[in-house]
Amino acid sequence: MSDDGRTSDNSAIQEIIRKTRLSIAVITFVIVTLFAVIVRYLYKPLAATFNFIPDVSISLIVGITFFLSIVGLFLSLRMSRQVLRIVRDYGSRLQKLLNVTKVLREEMYEDILLEKVMDNALSMTNSDAGCILLVDDGKLVFKVAKGEESGDLAGAAVEPGRGIAGWVAERGTAARVPDVAKDNRFDPEVDGRMGCVTNSILSVPFKTSSEVIGVLELVNKKGGYTYRERDEEIITYLAEQAAISITKTRFYEDQKNYEIHLTDMLLEAIDFHISEMKGHSRRVARYSNRIAKSLDMSDEEKKKLYFASLLHDVGFLKINSDHAFKREEFMRHPAVGYEMIKPINFYSDIAPFILHHHEWYDGNGYPSRLKGDDIPLESRIICIAEAFDAMISTTSYRVPVSFDEAVAELKRKAGTQFDPWLVDVFASTVEPQHVMQ
């Protein structure tokens, strides 16, 4: 949690403790004052009137003082328990907020991120319903809505400034409304579409350092309660963290789209540059993906392998197409592809897989003559998938063979050109119906 978040919550707790201490001090002062009044003004008149004997008088005073002390102690304990309950509630909320913040920072997809923000906001405030609206082309657009009749809200747009949500978006300031009937900002078409009678609302902005990108709105705290200041504080902090994560996911998705478009452009260029290899890279990527699934590779590992498979022959773009299949020129393409890909940030991780996809398991490959497990796993997979496709494809530069002949050739060269374990995985994973042209 940021220093601002800690300062805000610590200040609130310290204020509660300060008020409790003040209350206890007042109660103590009252008890002492009453005792002084009894001793100073009532003791002698009572003793003279009722002819108290000293022991009885002292017992009476002690009894009254004891009674007042018990009352004071009871009130003090009661307030102390209230303070402890509030502090525990804060502690629980803060711990949950810390956990949620970590989850939000790790999430890379906006739709999943928004669902998590909505669910946690409802849980933290014990709210009946809520929604998230993001700014899109100058309007507020419903992205997530939770309520009895909120299923058709996704995608609905709200004109700027309308409702409490529009007011919050325009000003970048939170709004805590205990009774919407008394607030002229409330608009049923905007703030009251969750399928329940709207009584109270807590609405906070998603703000970055430069702009408001959306609004988080919560409706009706359960049990008939209204939203308190500490609800606003904790949801405001959640919205601040969510805004950072939303910005990050958008950057990630923009980068991903750029990566996909650039990859498609490179593949089209390879197919155009060397017609005998048309579709080869995509087929290699699919065969490689089948092996990856059998190996139970992680999603991130499968993604890297997939893009490395698509771009394993990108080096041919810098080799004259008329000489591409001459041995010396052909052997250059892994290193050339590596040098092309490595400077691009989102490709740099897969560059070594491209460099070594023609290494042989026995160490007789190129360009580095790596051997066995020294060859990256992804490169060993691409080596098998590429050789298989080159053997069976009707558009290949080689004379095609049958499926069974291609698999037999892989097995024959297992232990020399190919990793024997991966050849077995391939043979048990790819079947004739999986062959692509």
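These values consider heavy atoms only, across backbone and side chains, with no hydrogens, waters or symmetry-generated copies.
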Exercise. Nearest heavy-atom pair of Ile382 and Ser309: which atoms, and what distance?
Worked result: CG1-OG, 3.5 Å
Problem set entry | For the student: nearest non-hydrogen atoms of Leu134 and Glu110, plus distance |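 Distance-wise, the nearest heavy atoms are CD1-OE2, 3.6 Å.
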Could you tell me if [Y] and [X] have a donor-acceptor pair between their side chains, going purely by distance under 3.5 Å?
| X | Y | value |
| --- | --- | --- |
| Thr429 | Ser294 | yes |
| Glu301 | Ser298 | yes |
| Tyr227 | Ser127 | yes |

Between [X] and [Y] (judged by ring centroids, cut-off 6.0 Å), do the two rings come close enough to count as a pair?
| X | Y | value |
| --- | --- | --- |
| His333 | His357 | yes |
| Phe346 | Phe307 | no |
| His280 | His312 | yes |

For this session: Kindly determine whether Ile132 and Val215 satisfy side chain to side chain contact (heavy atoms under 4.5 Å, CB included), including the steps that lead there.
Result: CA-CA 6 Å; Ile132 290 176; Val215 173; over 6 Å; no
Identify each donor-acceptor pair in which a side-chain atom of residues 163-180 lies under 3.5 Å from a protein atom, sequence neighbours left out, and give them as a table.
from	atom 1	to	atom 2	distance (Å)
Thr173	OG1	Arg171	O	3.3
Arg176	NE	Glu232	OE1	2.8
Asp179	OD1	Ala181	N	3.1

Sub-3.5 Å donor-acceptor pair from the side chain of [X] to the main-chain atoms of [Y], do we have one?
| X | Y | value |
| --- | --- | --- |
| Asp128 | Val219 | no |
| Glu359 | Leu370 | yes |
| Asn126 | Lys221 | no |
| Arg380 | Ile375 | yes |
| Ser123 | Asp119 | no |

For this session: Report the C-alpha distance between Leu295 and Leu422 in whole Å, list the side-chain angles of each, state the deciding distance to 0.1 Å, and finish with yes or no for side chain to side chain contact (heavy atoms under 4.5 Å, CB included).
Result: CA-CA 9 Å; Leu295 299 179; Leu422 289 177; 3.9 Å; yes
For this session: To the nearest 0.5 angstrom, please state how far the CG atom of Leu114 sits from the CD1 atom of Ile246.
Result: 5.0 Å
Exercise. Does Leu133 reach the side chain of Val158, with side-chain heavy atoms less than 4.5 Å apart?
Worked result: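 Sidechains of Val158 and Leu133: in contact.
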Seminar exercise, completed: Sorted by chain and number, sequence neighbours left out, side-chain hydrogen bond (donor to acceptor under 3.5 Å, both in side chains) with Thr263 holds for Tyr347
Problem set entry | N-O pairing of Asp389 and Arg282 below 4.0 Å | no
